Amino acid sequence: MQGNDGTDDWYYSVAVKGSTVSTDTPDTSIDYKIIEGADGTHIINEDGSYTIRANGDFDKFVNVEIDGKVVDSGNYTAKSGSTIITFKAEYMNSLYVGKHTVRVNFTDGSADTTQNITGCFATSQDNCSGRFF
């Protein structure tokens, strides 16, 4: 018996409404690493800028996210040397106290770390001795 193309092979077309057909393409995104500044701590109104370095090529750098939201590029500088991100002190001081997730995005992957923000909200440093949150 011959198939629908005149050979012994049969071919079928299947249309599925509202579905996405998946190919078995492997995930090729690269799991970059934070090689300096990972899992750091910033003390509000005490520390200055905060720098992290990812091992991804700067030419592939896209942006930075904190807690899943893209950080405006005006709040940090980015330069080569792998990829060096320096968050401005004003931005760091605006983050809420607690643990934050940080992701540096590249065209072909990302690097993840955490950042802990602590601080004292007294009117002077003298009133903060040992009372950090």
Side-chain angles (χ1 to χ4, degrees):
M1 182 153 101
Q2 287 190 330
N4 56 356
D5 66 349
T7 68
D8 288 333
D9 298 323
W10 283 86
Y11 298 92
Y12 299 92
S13 295
V14 177
V16 180
K17 186 176 182 178
S19 295
T20 304
V21 176
S22 174
T23 61
D24 290 327
T25 305
D27 181 9
T28 58
S29 63
I30 298 171
D31 186 20
Y32 290 107
K33 304 292 180 208
I34 300 297
I35 54 177
E36 290 177 19
D39 302 317
T41 297
H42 175 83
I43 302 172
I44 293 174
N45 295 325
E46 187 172 310
D47 291 340
S49 60
Y50 183 78
T51 301
I52 60 174
R53 183 173 163 214
N55 66 344
D57 185 356
F58 183 68
D59 291 337
K60 296 180 180 182
F61 172 71
V62 175
N63 60 28
V64 181
E65 297 176 21
I66 292 190
D67 298 330
K69 297 178 184 175
V70 174
V71 177
D72 184 286
S73 61
N75 291 318
Y76 64 88
T77 59
K79 64 181 183 178
S80 64
S82 296
T83 299
I84 302 168
I85 307 296
T86 302
F87 295 98
K88 296 180 179 179
E90 296 80 20
Y91 177 72
M92 296 301 297
N93 292 336
S94 74
L95 296 173
Y96 65 85
V97 170
K99 194 174 205 174
H100 298 270
T101 58
V102 180
R103 173 171 282 174
V104 180
N105 292 308
F106 298 91
T107 57
D108 59 351
S110 62
D112 296 313
T113 189
T114 60
Q115 193 173 60
N116 193 37
I117 305 295
T118 64
C120 173
F121 300 101
T123 55
S124 76
Q125 283 300 105
D126 293 338
N127 295 334
C128 281
S129 50
R131 296 184 326 155
F132 286 93
F133 301 94

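Since the model is a prediction, treat every value here as computed from it, not as a measurement.
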>> A side-chain contact here means heavy atoms from C-beta on lying under 4.5 Å apart; do Val71 and Tyr91 qualify?
In response: yes
> Rounded to the nearest 0.5 Å, how far apart are CD1 of Ile52 and CD1 of Ile85?
Replying inline: 6.0 Å
> Can you list the residues that meet the salt bridge (charged side-chain N to carboxylate O under 4.0 Å, His left out) rule with Asp112, with sequence neighbours excluded?
Replying inline: Arg103
> Measuring from Lys99:NZ to Thr41:OG1, what's the distance to the nearest 0.5 Å?
Replying inline: 9.5 Å
> Considering residues at least two apart in sequence or located in another chain, which fulfil the ring pair (Phe, Tyr, Trp, His ring centres under 6.0 Å) criterion with Tyr50?
Replying inline: none
>> Test of understanding: with side-chain contact (heavy atoms from CB on, under 4.5 Å), list the residues that count as partners of Ser49, not counting sequence neighbours.
In response: Thr86
>> Any heavy-atom pair between the side chains of Gln115 and Leu95 that's under 4.5 Å?
In response: yes
Distance-only donor-acceptor hits, side chain of residues 72-84, under 3.5 Å, sequence neighbours excluded:
unit_1	atom_1	unit_2	atom_2	d
Asp72	OD1	Gly74	N	2.7
Thr83	OG1	Gly56	O	2.8
Thr83	OG1	Phe58	N	3.4

> Which pair of heavy atoms, one from Ala38 and one from Thr113, lies closest together, and at what distance?
Replying inline: CA-OG1, 3.3 Å
>> Looking at every heavy atom in both Glu65 and Asn105, which two are closest together, and how far apart are they?
In response: OE2-ND2, 2.9 Å
> Do Val62 and Thr107 have side chains that get closer than 4.5 Å, going by heavy atoms?
Replying inline: yes
>> For a side chain to side chain contact (heavy atoms under 4.5 Å, CB included) check, start with the C-alpha distance between Lys60 and Asp108, then their side-chain angles and the critical distance, and finish with the verdict.
In response: CA-CA 7 Å; Lys60 296 180 180 182; Asp108 59 351; 3.0 Å; yes
> Quick one: salt bridge (charged side-chain N to carboxylate O under 4.0 Å, His left out) partners of Asp31, sequence neighbours excluded?
Replying inline: Lys33
> Is a side-chain donor or acceptor of Asp67 paired with a backbone partner of Thr101 at a separation under 3.5 angstrom?
Replying inline: yes
> Looking at CG of Asn55 and CD of Glu36, how far apart are the two atoms once the value is rounded to the nearest 0.5 Å?
Replying inline: 11.0 Å
> In Å and rounded to the nearest 0.5 Å, what is the CD1 to CG distance from Ile44 to Asn93?
Replying inline: 6.0 Å
>> Which residue is it: Ile34, Thr114, Ile66? I am looking for the one with a side chain to side chain contact (heavy atoms under 4.5 Å, CB included) to Val102.
In response: Ile66
> If every non-hydrogen atom of Gly109 is compared with every non-hydrogen atom of Tyr32, which pair is closest and at what distance?
Replying inline: C-CD1, 4.0 Å
> What residues, two or more places apart in sequence or in another chain, satisfy ring pair (Phe, Tyr, Trp, His ring centres under 6.0 Å) together with His100?
Replying inline: Tyr96
>> Minimum heavy-atom separation for Gly48 and Ala89, please, with both atom names.
In response: C-CB, 3.6 Å
